[in-house]
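Since the structure comes first, as structure tokens, the remarks are kept for the end.
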Amino acid sequence: MDLVRIGIFAICCALLGVIGGFAAKSWFSGLILGVFVFIGWVLWRWFKSQTSNEELKGTTEEKKE
């Protein structure tokens, strides 16, 4: 994964957490919101890269046959 994209998204999640914390009037809930969004995004990117790698392996194996 690209470190710049991860950094940008982490900053956006922090801002989302601050805004969510002000909306909920609780800094803890804002922090949890930002962390959950960031972890979900990282897991989604990881899953997406895994499935694309498997698809690439399948197409190269079909071409060999």
Side-chain angles (χ1 to χ4, degrees):
M1 280 195 239
D2 188 18
L3 254 31
V4 174
R5 280 193 188 176
I6 292 173
I8 290 171
F9 197 77
I11 292 170
C12 291
C13 285
L15 290 175
L16 177 70
V18 169
I19 293 169
F22 281 126
K25 297 182 182 174
S26 169
W27 64 271
F28 185 71
S29 63
L31 178 70
I32 296 298
L33 173 69
V35 168
F36 280 156
V37 169
F38 182 73
I39 290 173
W41 179 78
V42 169
L43 290 175
W44 176 73
R45 293 269 312 207
W46 178 67
F47 177 74
K48 189 176 174 184
S49 70
Q50 292 295 321
T51 56
S52 67
N53 288 341
E54 289 176 3
E55 290 174 359
L56 289 175
K57 287 180 184 177
T59 58
T60 56
E61 289 177 359
E62 289 176 1
K63 289 181 181 178
K64 289 180 182 178
E65 296 176 355

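When reading the values below, keep in mind they use all heavy atoms of this one structure, side chains included, and skip hydrogens, waters and symmetry mates. All figures in this text were calculated on a predicted structure; none of them were measured in a lab. Throughout, residue positions are numbered sequentially from 1 according to the sequence presented.
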message = When you group the ILVMFWY residues by side-chain heavy-atom contacts below 4.5 Å and let the links chain together, are Val42 and Leu16 in the same group?
response = yes
note = Rounded to the nearest 0.5 Å, the CZ atom of Phe22 sits from the OG atom of Ser29 at a distance of 11.5 Å
Between CG on residue Leu33 and OG on residue Ser26, distance to nearest 0.5 Å = 11.0 Å
ask   = Do Trp44 and Phe9 belong together in a cluster built from hydrophobic side chains that touch within less than 4.5 Å?
value = yes
task = Heavy atoms only: give me the nearest Val37-Cys13 pair and the separation to one decimal.
result = CG1-SG, 3.6 Å
note = Value for CD1 (Ile11) from CD1 (Ile6), rounded to nearest 0.5 Å, stands at 12.5 Å
